[in-house]
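Down below is the structure, laid out as structure tokens.
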Amino acid sequence: MTRSRASGVCAVVVLFEPDASVVENVNSCMREVDRVFAVDNSTHPGAVSAAIAATGAEVIGLGENEGMGAALNLGCRRAAEEGFAWALTLDQDSTPMPGMAPALALCLSGESGADVAIVAPLLQHEGGATERTEATCVDVPFAVTSGSLLRIAAFEALGGFREDLFIDQVDNEFCLRARRNGWRIVQRRDAVLVHRMGRLERARFPFTFYVTNYSPLRWYYRLRNLLEVKREYGREFPDWAHAEWLQWRKELLKALLAEPGRWRKLRMLVRGWRDYRRGRFGRYEELHSS
């Protein structure tokens with residue numbers, strides 16, 4: 001991979017109330033790319049943000065939580081201003097394994113890579129099963145934002161990420177919109193990203209399974225945004241819609257069986273459904289301030 005600033009790779013890392021472990025994640029990014037832009041969604045940036053800036057990353061403070069889409073847009077626009085052709089997008093809980101970025105870039109060589117908008121890594125959930133790696137590039141229907149190599153030209157052509165979703169389905173919506181407009185999403189099967197997903201805990205009744213312990217507010221966004229993206233793209237991409245809806249229902253069932261606060265989560269799900277039906281999107285606190 002060419003390591004020049006004009007046509008090289010940067011990283012856009014989205015922060016929110018980061019803890020000390022995030023500093024090492026940013027250091028891992030610094031070893032993979034030419035420059036790191038850390039966009040901080042924290043209302044009151046603390047000592048950890050200062051420590052991240054001390055690594056050499058450029059920390060961009062938003063002053064409040066503007067959501068995943070807004071943070072990604074700001075970071076990617078900054079990457080475009082600095083002349084970067086590609087941005088490795090990451091959230092603060094993800095750790096790129098050594099050599100991940102160069103491995104992702106292998107999917108971009110030659111004419112076969114000209115219409116690729118995103119190259120995704122092989123995602124390994126912390127504490128989960130390890131998948132078999134393979135030195136191949138394969139087309140996939142969508143990719144999570146974290147750990148993906150995003151073509152800045154595609155980002156600009158598509159108008160960036162949808163900010164009013166705030167969090168959840170931001171990555172799926174962008175990928176589906178990219179495919180609608182002729183771009184491809186590929187995965188490099190030997191580029192590994194370790195990702196922490198919620199607060200994973202093992203439940204043992206009525207059978208053994210894992211729960212993520214998402215907050216009631218997160219369930220609000222998950223339902224509202226899934227319904228919206230499914231409405232927009234479900235007929236065009238029925239396989240994605242079916243798989244996503246099935247996975248969501250499985251996770252909801254596990255949450256209702258084993259997670260605390262199930263009635264609060266159900267109430268927030270009802271609010272998410274109502275806001276979807278009314279076409280109300282954006283940050284929950286702004287929609288329900290009274």
Side-chain angles (χ1 to χ4, degrees), residues 12 14-17 39-44 61-77 89 91-92 141-146 155 158-181 197-198 212-238 240-256 259-290:
V12 174
V14 178
L15 307 176
F16 179 69
E17 308 294 347
V39 185
D40 194 351
N41 258 327
S42 305
T43 304
H44 302 289
L62 290 174
E64 61 179 330
N65 188 1
E66 298 285 356
M68 181 64 71
L72 287 169
N73 284 340
L74 182 58
C76 289
R77 285 195 294 266
T89 56
D91 64 35
Q92 65 185 23
F142 62 91
V144 298
T145 300
S146 196
F155 165 81
L158 293 166
F161 294 88
R162 185 170 163 178
E163 297 186 9
D164 66 343
L165 296 179
F166 194 75
I167 191 171
D168 279 305
Q169 294 295 326
V170 173
D171 42 12
N172 280 342
E173 192 281 331
F174 184 88
C175 288
L176 295 171
R177 181 155 36 101
R179 292 175 60 200
R180 172 182 283 177
N181 286 277
M197 185 176 178
T212 53
N213 287 294
Y214 286 126
S215 68
L217 180 59
R218 188 68 181 271
W219 278 103
Y220 163 87
Y221 287 119
R222 294 190 77 191
L223 178 59
R224 186 196 70 178
N225 294 350
L226 174 56
L227 291 172
E228 170 66 3
V229 178
K230 187 169 174 282
R231 178 198 64 79
E232 176 67 26
Y233 300 99
R235 290 186 179 181
E236 190 172 353
F237 302 104
W240 167 83
H242 175 75
E244 195 76 4
W245 187 240
L246 181 62
Q247 180 64 27
W248 187 89
R249 286 185 294 175
K250 287 180 179 178
E251 291 185 18
L252 176 61
L253 176 60
K254 291 190 291 185
L256 296 179
E259 292 182 5
R262 64 194 69 179
W263 292 112
R264 293 195 305 274
K265 292 173 183 179
L266 283 171
R267 285 195 295 270
M268 291 300 280
L269 286 169
V270 171
R271 289 186 180 181
W273 177 80
R274 286 176 176 169
D275 282 349
Y276 159 72
R277 293 286 295 174
R278 295 168 181 170
R280 303 178 74 202
F281 297 93
R283 184 166 56 180
Y284 174 85
E285 291 82 359
E286 293 178 354
L287 297 174
H288 299 273
S289 57
S290 58

Inset, instruction - Go through the steps to decide whether Leu226 and Tyr276 satisfy the test side-chain contact (heavy atoms from CB on, under 4.5 Å), and finish with yes or no. - result: CA-CA 9 Å; Leu226 174 56; Tyr276 159 72; over 6 Å; no

Legend entry - Evaluation steps, side-chain contact (heavy atoms from CB on, under 4.5 Å), between Leu223 and Trp273: CA-CA 7 Å; Leu223 178 59; Trp273 177 80; 4.1 Å; yes

Inset, instruction - Take Arg249 and Leu246, measure what side-chain contact (heavy atoms from CB on, under 4.5 Å) needs, and give me the verdict at the end. - result: CA-CA 5 Å; Arg249 286 185 294 175; Leu246 181 62; 3.9 Å; yes

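A distance of 7.0 Å separates CZ in Phe174 from CZ in Phe155, rounded to the nearest 0.5 Å. Separation of atoms CD (Gln92) and CG (Asp40) is listed at 8.0 Å; rounding is to 0.5 Å. Once rounded to the nearest 0.5 Å, the distance linking CD of Glu259 with OH of Tyr214 reads 9.5 Å. For the atom pair Glu285 CD and Leu217 CG, the distance stands at 5.5 Å (nearest 0.5 Å). To the nearest 0.5 Å, atom NZ of residue Lys250 and atom CH2 of residue Trp245 are 14.5 Å apart. For the atom pair CG of Leu256 and CG of Leu269, the computed distance is 7.5 Å after rounding to the nearest 0.5 Å.
For Arg235, the CZ atom is loosely surrounded, since the number of other residues' heavy atoms within 6.0 Å does not exceed 12. At most 12 non-hydrogen atoms from other residues, nucleotides or ligands lie less than 6.0 angstrom from CZ of Arg274. Other residues, nucleotides and ligands contribute more than 12 heavy atoms inside 6.0 Å of the CZ atom of Arg231.
With contacts defined as side-chain heavy-atom distances shorter than 4.5 Å, the pair Pro216/Arg267 does not qualify. A heavy-atom distance below 4.5 Å is found between the side chains of Trp248 and Leu252. Considering only heavy atoms from C-beta on, Arg283 comes within 4.5 Å of Glu64 through its side chain. Using a 4.5 Å cut-off on side-chain heavy atoms (C-beta onward), Val14 and Asn41 make contact. With contacts defined as side-chain heavy-atom distances shorter than 4.5 Å, the pair Met68/Thr89 does not qualify. At least one side-chain heavy atom of Trp240 sits under 4.5 Å from a side-chain heavy atom of Asn172. Residues Phe16 and Asn65 form a side-chain contact, since some pair of their non-hydrogen atoms from C-beta on lies under 4.5 Å apart. Within the 4.5 Å cutoff, no side-chain heavy atoms of Phe161 are placed close to those of Glu173.
Side chain of Asn73 to backbone of Gly160: no donor-acceptor contact under 3.5 angstrom is found.
Taking all atoms of both residues into account, the shortest heavy-atom contact from Val170 to Leu165 is CG2-CB, 4.0 Å. Considering all non-hydrogen atoms of both residues, Cys76 and Val12 come closest at N-CG2, 4.0 Å. Closest heavy-atom contact between Thr43 and Glu17: N-OE2, 3.8 Å. Considering every non-hydrogen atom in both Arg218 and Asp168, the closest pair reads NE-OD2, 2.5 Å. Of all the heavy atoms in Thr145 and Leu72, the pair that sits closest is CG2-CD1, 3.6 Å. Minimum interatomic distance between Arg177 and Arg162 (heavy atoms only, all atoms of both residues): NH2-N, 3.9 Å.
Between Tyr220 and Asp275, the side chains place a donor N or O and an acceptor N or O closer than 3.5 Å (distance only, hydrogens not considered). Side-chain contact of Arg271 with Tyr284: a donor-acceptor pair under 3.5 Å is present, judged by distance alone.
Using a cut-off of 4.0 Å between Lys/Arg side-chain N and Asp/Glu carboxylate O, Glu228 and Arg224 are scored as not salt-bridged.
Shown here are the salt bridge (Lys or Arg N to Asp or Glu O under 4.0 Å) partners of Glu244, two or more places apart in sequence or in another chain: there are none.
Using cut-offs of 30° and 60° on the angle between ring planes, the pair Tyr233 and Phe237 is tilted.
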